[in-house]
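Heads up: the structure comes next, in C-alpha cells.
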Protein chains: 2
Amino acid sequence: MQQNQSAAELMTFRDREYKCGIDVTLALVGGKWKASILWHLAQETMRFSDLQRQFSDTTRKMLTQQLRELEMDGLVNRKVYPQVPPKVEYSLTEQGRTIFPILELMCDWGRNYAQAGNQA
Amino acid sequence: MQQNQSAAELMTFRDREYKCGIDVTLALVGGKWKASILWHLAQETMRFSDLQRQFSDTTRKMLTQQLRELEMDGLVNRKVYPQVPPKVEYSLTEQGRTIFPILELMCDWGRNYAQAGNQA
DNA sequence: AAACACAGTACCTTTTTGGAAACCATGACA
DNA sequence: TGTCATGGTTTCCAAAAAGGTACTGTGTTT
C-alpha cells in the first residue's frame, strides 16, 4: 500500500541507490553552484574566466571542481584550445540542455517566493 | 552587458542575499530530504509516524528538523491534535503546492537520467 | 631575463549537514 | 504500579561540502 508512483524500482547512480528521481536530480545539480552554472551556460558558451567573473564570490577551486563533476556526469562539455595562454570553453551537452525547463521553473518559483515573502 | 534575465535585483531570504531565483529555490528544498518530503506530502497528508515509515533510512531528528524548516518557510502545515498519544499531521500549504510542477519534472528527469546512464 | 595571462592544482582549515543513542512528557491501559 | 504509544528534544560525533592561500606550466611580450 505504499507503491503509488515510483514502485519498487531502485535507481543506481555513481554507486549509490536512490528511491526517487528527485534524489538523483538533486545529486546532480543540488550543490551550491551547479544549478546556477548550468543556467548560465544555457544562455551562452563561456570561458573559464567568464565564469569566474559571473561567480565572483566563489573560488577558482570550487568552480573547477563543480565543472569537472558536471563534465563527468555528462552535462557539460569542456573544450580546450591548444594555445598559450590557455583557452577553455564550457558549454552544455545535449543531455545538459534537457534540464533547462527545470532550471527555468526553479528560477521563476524562487523569485516569486522571495517577492511574496518580502511583502508578508 | 551581463544583465540579461535577472538584472541587478538581489533577492533576500532569511538574511541572505541571492542573485538568482534558482538559489532561493535550492535554499528552500535543496537539502537531502526536503524535496522528497514535499513530494510525499503532495500525494497525501501524513502523520509523523507515516513519514518515519516512508523515510525509514533517516532519523526522527532529521525529519523533525526538516519539517520545522519547511513549516517556517510556509510550505508545510503542522496540525497538532490535542490527544494522547499525540497525533500530528503534516500537509502542504497553498504555497507548498505551487512547487509541485518542479518536483514532478525533477522526478521524471532524474529517472530518465538514471536509465540512460545505466545503458551507456 | 623578467613579467604576464589563463586555467588550473595541492594542501589545509572551516562550516554545514547528517546521524546514533539516550532522554522526555502524557494519558491510556493491563 | 508499570508499560506503551506518539512525537518529539538533547548531546555528542562523523562526514561532506565549501573556502583560503599558495604554487604550477608555458608561450608571448617587454
Side-chain angles (χ1 to χ4, degrees), chain A residues 13-20 22-37 40-41 45-73 76-91, chain B residues 13-19 22-24 26-37 40-41 45-73 76-91:
Chain A
F13 162 58
R14 294 217 281 205
D15 296 336
R16 291 203 179 167
E17 298 204 321
Y18 300 87
K19 291 188 200 160
C20 174
I22 289 180
D23 298 329
V24 176
T25 302
L26 281 179
L28 285 161
V29 304
K32 193 169 174 183
W33 305 106
K34 286 179 180 176
S36 284
I37 290 174
H40 281 275
L41 292 182
T45 293
M46 295 176 93
R47 299 183 55 167
F48 186 79
S49 49
D50 296 328
L51 286 165
Q52 271 192 95
R53 264 182 290 281
Q54 283 296 324
F55 295 90
S56 55
D57 48 349
T58 190
T59 57
R60 280 187 299 283
K61 189 204 131 195
M62 285 308 295
L63 268 183
T64 46
Q65 198 175 95
Q66 306 298 300
L67 287 166
R68 286 287 183 285
E69 290 180 16
L70 289 169
E71 193 194 356
M72 287 196 310
D73 294 335
V76 157
N77 269 321
R78 177 167 178 271
K79 183 170 179 184
V80 182
Y81 293 80
Q83 59 185 47
V84 169
K87 174 178 174 181
V88 180
E89 277 186 351
Y90 292 92
S91 58
Chain B
F13 162 58
R14 294 216 281 202
D15 297 335
R16 290 204 180 166
E17 298 205 320
Y18 300 88
K19 291 187 200 159
I22 289 179
D23 299 329
V24 176
L26 281 179
L28 285 160
V29 304
K32 193 171 175 183
W33 306 106
K34 285 179 180 177
S36 285
I37 290 173
H40 280 274
L41 291 182
T45 293
M46 294 176 93
R47 297 183 57 167
F48 186 78
S49 50
D50 295 329
L51 287 164
Q52 270 193 93
R53 265 182 289 280
Q54 283 296 324
F55 295 90
S56 54
D57 49 348
T58 189
T59 58
R60 280 188 300 284
K61 186 199 132 195
M62 285 310 294
L63 268 184
T64 46
Q65 197 176 97
Q66 306 298 299
L67 287 166
R68 286 287 183 285
E69 289 179 17
L70 289 170
E71 193 193 354
M72 286 196 310
D73 293 336
V76 158
N77 270 320
R78 178 167 178 270
K79 182 170 178 184
V80 182
Y81 293 79
Q83 60 186 48
V84 168
K87 174 177 174 181
V88 180
E89 278 185 352
Y90 291 92
S91 59

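Labels below follow one simple rule: chain letters A, B, ... track the order of the sequence lines, proteins then strands, and each chain is numbered from 1.
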Those residues at least two apart in sequence (or on a different chain) that pass side chain to side chain donor-acceptor pair (under 3.5 Å) with Asp50(A) are Arg53(A)
List the atom pairs, donor and acceptor, that lie under 3.5 Å between side-chain atoms in residues 79-86 of chain B and the rest of the protein, sequence neighbours left out.
unit_1, atom_1, unit_2, atom_2, d
Tyr81(B), OH, Glu89(B), OE1, 3.0

Name all residues meeting the ring-ring contact (aromatic ring centres under 6.0 Å, His included) criterion together with Phe48(B); count only those two or more places apart in sequence or in a different chain, and write none if there are none. none
How close do Ala35(B) and Leu26(A) get, counting heavy atoms only, and between which atoms? CB-CD1, 3.9 Å
What are the two closest heavy atoms between Phe55(B) and Trp33(B), and how far apart are they? CD2-CE3, 3.9 Å
Starting at the 5' end of nucleotides 17-30 of chain D, put B wherever the base has a protein heavy atom under 4.0 Å, S where only the sugar-phosphate does, and a dash everywhere else. -SBB-B--BBB---
For a 4.0 angstrom threshold against heavy atoms of chain A, report the outermost contacting nucleotides of DNA chain C in 5' to 3' order. dA5(C) to dC11(C)
Check: residues 61-73 of chain B side-chain donor-acceptor pairs under 3.5 Å, at least two apart:
unit_1, atom_1, unit_2, atom_2, d
Thr64(B), OG1, Arg60(B), O, 3.1
Thr64(B), OG1, Lys61(B), O, 2.9
Glu69(B), OE1, Lys34(B), NZ, 2.5
Asp73(B), OD1, Arg14(B), NH1, 3.3

Hey, does Tyr90(A) reach any base, or is it just sugar-phosphate, or nothing, if we go heavy atoms under 4.0 Å? sugar-phosphate
Mind checking salt bridge (Lys or Arg N to Asp or Glu O under 4.0 Å) for Asp57(A) and listing every partner two or more places apart, or none if nothing turns up? Lys19(B)
For Arg47(B) and dA5(D), what is the distance between atoms CZ and P respectively, to the nearest whole Å? 13 Å
Helix axis bend for the helix from dA1(C)-dT30(D) to dA30(C)-dT1(D) - C1'-based end axes, five pairs, 10° rounding: 30°
OP1 or OP2 of dG7(D) versus the side-chain N and O atoms of Arg53(B): is any pair under 4.0 Å? no
Residues forming a side chain to side chain donor-acceptor pair (under 3.5 Å) with Ser36(B), sequence neighbours excluded: Asp23(A)
Take the protein atom CZ of Phe55(B) and the nucleotide atom C1' of dG7(D), then report the distance between them rounded to whole Å. 17 Å
Under the salt bridge (Lys or Arg N to Asp or Glu O under 4.0 Å) test, residues paired with Arg78(B) that sit two or more places apart: none
Might you point out which heavy atoms bring Val76(B) and Tyr90(B) nearest each other, and give the distance in Å? CG1-CD2, 3.8 Å
